[in-house]
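Right, one structure below, let's go through it.
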Amino acid sequence: MAKLSEYSAKRRFEATPEPAPAEPAHRGGPLLFVVQQHAARRLHYDFRIECDGVLFSWAVPKGPSLDPADKRMAVFVENHPYDYASFEGVIPPKQYGAGEVIVWDCGVYSPDEDGVWFHDREQAQQRVREGLVGGKLSLQLRGLKLKGSFALVRTKQDEKSWLLIKHKDRFISAADVTQQDRSVLSGVAVKDMRSFPVHRMPASQLVPVGDATAMPAKLEPMQAELGDAPFQDAGWMWEPKLDGYRVLAFVDGDKVQLRSRRGLELANTFPRLAEELRQQAGGGTMILDGEIVALGADGKPSFNALQNRFQLKSPVDIATADRNVPTLFFAFDLLYFAGLDLRARPYHERRRYLAQCLMPSALVQLVHADEDGESLHAAALASGFEGVIGKRKDSRYEAGKRSPAWLKVKPTHSADLVIGGYTKGKGSRGALGSLLIGYWEGDGLRYASHVGSGFNDRALQEVLARLEPLHTRSCPFSSKPEVNAPVTWVKPELVAEVDFQEWTDDGSLRAPVFQRLRDDIDPKTVRREVPSHSGAATKKRRSARAAPPSPRGDVVIDEVVAALDGTTKNAFELAVGTHRIRLSNLDRVYWPANEALQQPALTKRDLLRYLAQVSPLMLPHIADRPLTMIRMPDGITGQRFFQKHWEQARPDFVESVTVFSESKDEHHNYLLCNNLPTLLWLAQSGTLEFHVWHSRAKVDADAKSKSTDYATSLESLEASVLNCPDYVVFDIDPYIYSGKEAPGAEPELNTIAFEKGKEIAFALRELLLGMKLEPIVKTSGKTGLHVFVPIRRTIDFDTARHVSELVSRHLMRQRPREITMEWSVPKRSGKIFMDHNMNVRGKTLNVAYSPRGEPGAPVSMPLTWEELASAHPLDFRMTSVIKRLTRTGDRWRDALTRKQDLDRALKGGKA
DNA sequence: GGATTGT
DNA sequence: ACAATCCAACGCCTC
DNA sequence: GAGGCG
Ligand SMILES: [Mn+2]
Ligand SMILES: [Mn+2]
């Protein structure tokens, strides 16, 4: 292994998250390159190539360019360990290279002066070594952003100065490739790294790595099962389904085979494709899964054009056809590359390897893939594709099998509708842009939609000819449709069959595509079919998948979720068991979409759904505790206000407790959120955060006081059960600023601060364990942590506060530079604030599982201590936690029952 | 978001 | 009829 | 006692 001593000398591995040098591991397969973007003192890019077990590195201040005229300065810097290639994160202040790092691009590379050597690591490395010594490298990059041949040349003037220059090939471009500024691993821009949770993947997963095995001589393609609708699920990706000819392409040196599903050999039928694919492998081996597609006259994939193409046998005819009817290979999977069998790798990795190793050209292209199944489906239908295929990210390639890990989704809905008019379009569609279609409802013809997709020239002609004699001056629809093109009305006598995705709630069609005229149907009989098997059914299936049955199989929760998702109505009356709640403004955006945090816009409906689903875990922690509502009826960007008391009318399922107050009216009503309808009713009134007392208005065995007189006097309140907390609270608040805060603002979430907070929480835990006390922990949802010691309710808040203070001060003496208990905010700066004064009657904290009115929609998440080690607040969001909770259940399920005796602990050990 | 108060 | 306004709190800390 | 703090 080449040396890493300089790398180690510059860094302190206790203080930086960067990887320490590791023992050299045996690696086979192509060599890796990576480009990291690094927001250090000065923003730059680090270009690194693997050779002899380490990464030879150059710092490129302006980053790579695809323009051969640009010579980019590249300063040769110290070797980095191989594992550095997947490093993304934040290097803390004062450490070498302090700042944020993302993986801007990664892929495989090979010297390319005398052919490429992806398939022969030793040959490749030999040429790289020579190039490094000689000061001249020519490399073919197969990355996700960078493709093609690049030169690295050492300048005469300086040993360390090199130039990075794009060679002329088909990948040159005047476009600025650094405009694509997201990480290829996490999708995060470097400036957002500070607030984003990082989860390292091993560098060896970035590109195909492994030992060579013989290339399978024959394989059959993996098949998809039939699915009923696309859905959003972070575990799935979606690709358009191409209307072509499924083929596995085997390349071995000069030999190319194109195998159809039935084993037919097609390389001779598509010689140009075969030649292109041969070049893709660069003399090595490769198996691609894909689809041969012929483009019709309109430039869209056409199965007919492909059928015609198959008829040709003579080389002359084929050559002519290749000029006139382009035939393309669309690749969507990579099963084997440069000697490595990739079939057992998960789909999302194969997908990355494919995007890296494939060098797109006019004839060989990469199939688009996307996480947003619903949008892709709509877009795919609109552009003339058959539908979409969903693929489970963690699925292996099961050759020859029909697997549920791949789902084929085609539009299943079809309707016959009456044509009442048509619009003019543009260009070749000047005469007919779209048809206005509708159905009879009572005596009127109700407008449903306009449909402009699905016409070929012949259909266009035919429909126009049939409409001509039906022209009329008056609009046949009962209410005149709004369209932004000139309309010609026709008598409602023609019926069109239309495929579409679903009925929208306002009675329109989503993604309609014209199929044919239906002369066999009497236009007077056209009614809208009940949408039981269309819109509503689609929704139901979707939610059934996205939301597994509630943890306890609670019927009421399932009904609530079904009601919320079963309609697009903005307001309706929700049944919760026997209770009714008027819901309004369900589509109001509470959390606006935040691209940097990869959060879609979340509405009040999303909030209600989340609360219903989480309620079995959340209610035990919120029940019987006087509640402070943080209300944001206009969403998190609008006005927000606290509300502690509720003197107005309220539904009868909402419980409350009256508490003495020294201020003038002597007592106040606090709400108790003791059941699901209350939780939902609170959300309806704009409550986004639920903050609760640490004591409960309920007597049971662990409470020493049995008094429930909270209202008559201060003395009675202090003698009541509300005066004894359920836990000693350690509120851990990092005051380590990200630097982006407005003057005077609270510190924002940032990784450095949270990591330090975690460290303090672990130290606190050690201290408490030494006192025979077992603490539990949760994220607050914002920047801090809540560490609680559940105790029997025998001591009052005052005692609990003293315990918290004693322990915190002890910890602060051990780590004075890291912990502060200062009252003045400026003096807390750079430290972790431990606020023992939270242990006071009437103080509140955001309850477990409560969302926060913060970007990303994080929630307060109870964790095991093991989980805390790798946790980040934004790992737990309204959008993601239900899935986790069905697996883990409530990590705090014992918090209220496994209580500890503080008196004994205090006598036993001393802090 | 909703009740209450002010114009 | 419609717009404006309210919707927290108190005990603890430090000076 | 005043004013900051959560
Ligand atoms: Mn750097
Ligand atoms: Mn806190």
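Please read all numbers here as calculations on a predicted model, not as lab measurements. In what follows, every chain begins at residue 1, and chains take the letters A, B, ... in the order their sequences are listed.
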Run through R852(A), H621(A), K778(A) and flag the one making a side-chain hydrogen bond (donor to acceptor under 3.5 Å, both in side chains) with S860(A).
-> K778(A)

Looking at every strand, decide which applies to R841(A) at a 4.0 Å heavy-atom threshold: base, sugar-phosphate, or nothing.
-> nothing

Which part of the nucleic acid, if any, lies within contact of Y590(A), taking any heavy atom under 4.0 Å across all strands shown: a base, the sugar-phosphate backbone alone, or nothing?
-> sugar-phosphate

Heavy atoms under 4.0 Å, any strand shown: does M838(A) hit a base, just sugar-phosphate, or nothing?
-> sugar-phosphate

D726(A) and K899(A) ion-paired at < 4.0 Å = yes

Distance between C1' atoms of dC6(C) and dG6(D) (Å, rounded) | 22 Å

Does S824(A) have a side-chain nitrogen or oxygen under 4.0 Å from the phosphate oxygens OP1 or OP2 of dC13(C)?
-> no

When you check the phosphate oxygens OP1 and OP2 of dC5(D), does a side-chain N or O of Y735(A) lie under 4.0 Å from one of them?
-> no

The side chain of W823(A) lies closest to which of these nucleotides: dG4(D), dG1(B), dG6(D)?
-> dG4(D)

Integer-rounded Å distance: dG6(D) P and I732(A) CD1 | 16 Å

Given atom CZ of F641(A) and atom P of dG1(B), what is their separation to the nearest angstrom?
-> 10 Å

Taking atom P of dG11(C) as reference, at what distance in whole Å does atom CG of D796(A) sit?
-> 14 Å

Atom-to-atom span, CZ of F797(A) to P of dG6(D) - whole angstrom = 19 Å

Could you tell me whether G686(A) contacts a base, only the sugar-phosphate backbone, or nothing, with contacts defined as non-hydrogen atoms closer than 4.0 Å?
-> sugar-phosphate

Look at all strands and tell whether N585(A) reaches a base, only sugar-phosphate, or nothing, counting heavy atoms closer than 4.0 Å.
-> sugar-phosphate

Which nucleotide sits closest to the side chain of H645(A): dC5(D), dG1(B), dA9(C)?
-> dA9(C)

Closest nucleotide among dA8(C), dC5(D), dC13(C) to the H836(A) side chain | dC13(C)

When rounded to whole Å, the CD to P distance for the pair E689(A) and dG1(B) reads 16 Å

Side chain of F642(A) - closest among dG6(D), dG1(B), dA8(C) = dA8(C)

Using the C1' atoms only, state how far dC7(C) lies from dG11(C), rounded to an integer number of Å.
-> 22 Å

Under-4.0 Å side-chain N/O to phosphate OP1/OP2 contact, H691(A) with dA8(C) | no

Which nucleotide in the set dC10(C), dA8(C), dG1(B) lies at the smallest distance from any side-chain heavy atom of K644(A)?
-> dA8(C)

Determine: side-chain N/O of H668(A) to OP1/OP2 of dA8(C), distance under 4.0 Å, yes or no.
-> no

Does the side chain of K604(A) get closer than 4.0 angstrom to OP1 or OP2 of dG1(B) through an N or O atom?
-> yes

Whole-Å distance between dG2(B) P and L583(A) CG?
-> 10 Å

To the nearest Å, how far apart are Q639(A) CD and dG1(B) C1'?
-> 13 Å

Is Q684(A) touching bases, backbone alone, or none of the nucleic acid, heavy atoms closer than 4.0 Å?
-> sugar-phosphate

More than 12 foreign heavy atoms under 6.0 Å from CD of Q648(A): is that the case here?
-> yes

Just compare dG6(D), dC5(D), dG1(B) and give me whichever is closest to any side-chain atom of F833(A).
-> dG6(D)

Side-chain (R828(A)) to main-chain (W823(A)) donor-acceptor, under 3.5 angstrom = yes

Residue pair H786(A), F730(A): steps toward the ring-ring contact (aromatic ring centres under 6.0 Å, His included) verdict = CA-CA 6 Å; H786(A) 296 157; F730(A) 295 89; over 10 Å; no

Report the residue from K831(A), H836(A), K827(A) that forms a side chain to side chain contact (heavy atoms under 4.5 Å, CB included) with M821(A).
-> H836(A)

Separation of atom CD in Q648(A) from atom C1' in dC6(C), rounded to whole Å = 10 Å

Between dC5(D) and dA8(C) - C1' atom distance, rounded Å = 14 Å

Give a yes or no on whether a salt bridge exists between K782(A) and E746(A), defined as a side-chain N under 4.0 angstrom from a carboxylate O.
-> yes

Any R828(A) side-chain N or O less than 4.0 Å from OP1/OP2 of dG4(D) | no

Tell me whether the OP1 or OP2 atom of dC15(C) has a side-chain N or O from K827(A) closer than 4.0 Å.
-> yes

Listed nucleotide nearest any side-chain atom of S584(A), set dC7(C), dC5(D), dG2(B) = dG2(B)

